[in-house]
Amino acid sequence: MFLVSVFLSETIAQNSADAVSLNNCQPHRIMLSIPGNPATSRAVTWRTVSTFSKAVGQVAVATASPFFSENVTSVDGTSDFWQNNDSSAMGHKVVFNNLKPETTYLYRVGDGNSWSEWFQFRTSSNSHKPFSFIYLGDFQNDIKSLCSRAIRQAYSHFPKADFMLFAGDLVSRSTEDYWSEFFYAGDWVYGTIPSMATPGNHEYTQETENGPRVFSRHWNQIFVNPQNGPSNLENKTFYTDYQGVRFISLDSPAMGYSAENAENSVNWLNKILSGNPNKWTILFTHYPVYSCSQGRDNEKYRAALKPVLEKYGVDLVLQGHDHTYCRGQNLENADKNCKNPPLYMVSVAGPKMYGLNVNKWSDRVASQTQLYQNVAVNNNSILVQTFTVTGELYDEFTLVKNKKGINKLIESPKVKNYPEQIIIPESVRARYSAEELNLYKQNYR
């Protein structure tokens, strides 16, 4: 009886964390984003009780002294009911513009009376300088329980990372309970380091049996991305130029749900790649161009996207969806006229696991393993390191670009010391026929 009481008490306390914040009228669910030029702007979103309809942000150049009030600038924001007129909570948003490049700032948000704590962030450079970011595959399920350690380990390992990049399916369903777990997992980290996120299919919901897919009502209240995407896909499909790299978010589920979206997205992608002034290009999208998990193959998506990626020599394609890990250039299937084949990577940060595809195309794979990545960009190279959630190196390679813009893939010799994780999860073993299981054994020795 005692254990049951303790369990219930802990469960109630954990699930009511937001309720406590609401009762105390404190800003919570604070999210830092990059809304435009990363050298001069940042955006912040947060949530309060519904009676707080005023949004104010304060920002100042950071100093070691706590006496900086004379240097604080106040910026008015906007407010709207949380999740489509939810009467119990109010969502807020403020954008800080005209910031100085390569400068550390303090900020806080509130209504002018009730404030959050002071957070710190640093703006990027306007020039091509080295930087790094954390890449995370799908969270989706058991976010509070098992994704918390992924994001906390990644941030603890790389606290100097410039931002976090999410490859979609941040939640299993875009509902209040899942987003509550998402913010529990990242907590103050989200307010400290900016996030870039691309939507996954689980950010869309089919609300009626034969109805259309409806996009998350929470997304635009949480993330403030550059508004430079094609029509109807703003804040989901977009690009950001960061210190010599063009980052492109492509809403792949939207392309699958609508032929018009697919055509507009491909036309837009051609346009922003043809006029790309940056040395490096990284595309992040949810659906893989080449699938990693058994029973999946996005043929139409690949047919639409792959020629564009190869035509413009996109360097790195970061993806999710398949709940496995794989990476490689798949040179056998690259166009023979492609001078700079993209490096494709699929990863998973959450606990939902699938089995690897029988037809192995990649250079390195993993199953049943929660992972995070550190991607470090230098002038002529990109180092990609993959770690397990226990902090162990699992994969490492470098892309080195020559004067002609052609990449050379250099694999780290360290990788040979770490056997590939290739176990098929029992929950998906039935997806393999006896013949496929034999082929699997041959391909994954």
If I take atom [atom1] from residue [X] and atom [atom2] from residue [Y], how far apart are they, to the nearest 0.5 angstrom?
X      : Y      : atom1 : atom2 : answer
Ile134 : Met196 : CD1   : CE    : 13.0 Å
Cys292 : Lys360 : SG    : NZ    : 11.0 Å
Tyr257 : Tyr204 : OH    : OH    : 7.5 Å
Lys404 : Asn340 : NZ    : CG    : 13.0 Å
Asn378 : Leu383 : CG    : CG    : 9.5 Å
Ser50  : Asp80  : OG    : CG    : 12.0 Å

What I want to find out is whether [X] reaches [Y] closely enough, with some N-O distance under 4.0 Å, to be called a salt bridge.
X      : Y      : answer
Asp111 : Lys54  : no
Arg152 : Asp187 : no
Glu102 : Lys129 : yes
Arg47  : Glu176 : yes

Passes side chain to side chain donor-acceptor pair (under 3.5 Å), Lys279 versus Asn380? Steps please.
CA-CA 8 Å; Lys279 176 174 287 189; Asn380 295 317; 2.7 Å; yes
With a 4.5 Å heavy-atom cut-off, do Asn71 and Val61 have their side chains touching?
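Side chain of Asn71 against side chain of Val61, heavy atoms only: no contact under 4.5 Å found.
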Quick one: does Pro226's side chain get under 4.5 Å of Pro35's, heavy atoms only?
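No - every pair of side-chain heavy atoms lies 4.5 Å or more apart.
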Between the main-chain N or O of [Y] and the side-chain N or O of [X], is there a donor-acceptor pair closer than 3.5 Å?
X      : Y      : answer
Thr237 : Asp251 : yes
Thr45  : Phe223 : no
Ser124 : Ala39  : yes
Asp169 : Asp138 : no
Ser258 : Met255 : no
Arg42  : Arg122 : yes
Ser114 : Gly110 : no
Glu396 : Ser412 : no
Asp162 : Phe133 : no
Glu203 : Gly200 : yes

Passing candidate, side chain to side chain donor-acceptor pair (under 3.5 Å) with Arg246, options Asp241, Thr281, Asp315
Asp241
Candidate list His323, Arg173, His321, test side chain to side chain donor-acceptor pair (under 3.5 Å), partner Gln140, passing option
His323
Among residues at least two apart in sequence or on other chains, which ones pass side-chain contact (heavy atoms from CB on, under 4.5 Å) with [X]?
X      : value
Ser65  : Thr63, Phe67
Lys311 : Asn270
Val75  : Thr73, Val94, Phe96

Are side-chain N/O atoms of [X] and [Y] paired as donor and acceptor at under 3.5 Å?
X      : Y      : answer
Asp395 : Gln385 : no
Trp219 : Ser174 : no
Tyr325 : Thr386 : yes
Ser252 : His286 : no
Lys408 : Asn402 : no
Asp322 : Thr324 : no
His202 : Tyr178 : no
Tyr239 : Asn276 : no
Ser347 : Gln373 : yes

Could you tell me if Lys401 sits above the aromatic ring of Trp280, with its cationic atom closer than 6.0 Å to the ring centre and no more than 45 degrees from the axis?
yes
For the student: nearest non-hydrogen atoms of [X] and [Y], plus distance:
X      : Y      : result
Val109 : Ile30  : CG2-CD1, 4.1 Å
Ser156 : Pro159 : O-CD, 3.5 Å
Ser79  : Ala55  : OG-CB, 3.5 Å
Asn141 : Lys352 : ND2-CD, 3.4 Å
Glu181 : Ile143 : OE1-N, 3.2 Å

Before giving the answer on ring-ring contact (aromatic ring centres under 6.0 Å, His included), spell out for Phe166 and Tyr135 the whole-Å C-alpha distance, their side-chain angles and the decisive distance to 0.1 Å.
CA-CA 6 Å; Phe166 293 90; Tyr135 154 48; 9.7 Å; no
Whether Trp179 and Phe182 hold their rings parallel, tilted or perpendicular, with breakpoints at 30° and 60°
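Geometry flag for Phe182 against Trp179: perpendicular rings.
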Yes or no on salt bridge (charged side-chain N to carboxylate O under 4.0 Å, His left out) for Arg327 and Glu411, after CA distance, side-chain angles and deciding distance?
CA-CA 11 Å; Arg327 63 91 179 158; Glu411 299 213 22; 3.0 Å; yes
Tell me, with the steps shown, if Ile248 and Leu273 meet side chain to side chain contact (heavy atoms under 4.5 Å, CB included).
CA-CA 9 Å; Ile248 302 171; Leu273 287 174; 3.6 Å; yes
Determine, using ring centers only, whether Phe238 and Phe247 are less than 6.0 Å apart.
no
May I ask you to check whether Phe387 and Tyr394 place their ring centres under 6.0 Å from each other?
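Between Tyr394 and Phe387, the centre distance exceeds or equals 6.0 Å.
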Evaluate Gln227 against Asn235 for side chain to side chain donor-acceptor pair (under 3.5 Å), listing each step before the verdict.
CA-CA 6 Å; Gln227 304 298 299; Asn235 213 42; 3.0 Å; yes
Around atom CD of Glu260, are there more than 12 heavy atoms from other residues, nucleotides or ligands closer than 6.0 Å?
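Counting other residues, nucleotides and ligands, CD of Glu260 stays at 12 neighbours or fewer.
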Of Trp188, Tyr190, Phe163, Tyr372, the one forming a ring-ring contact (aromatic ring centres under 6.0 Å, His included) with Tyr155 is Trp188
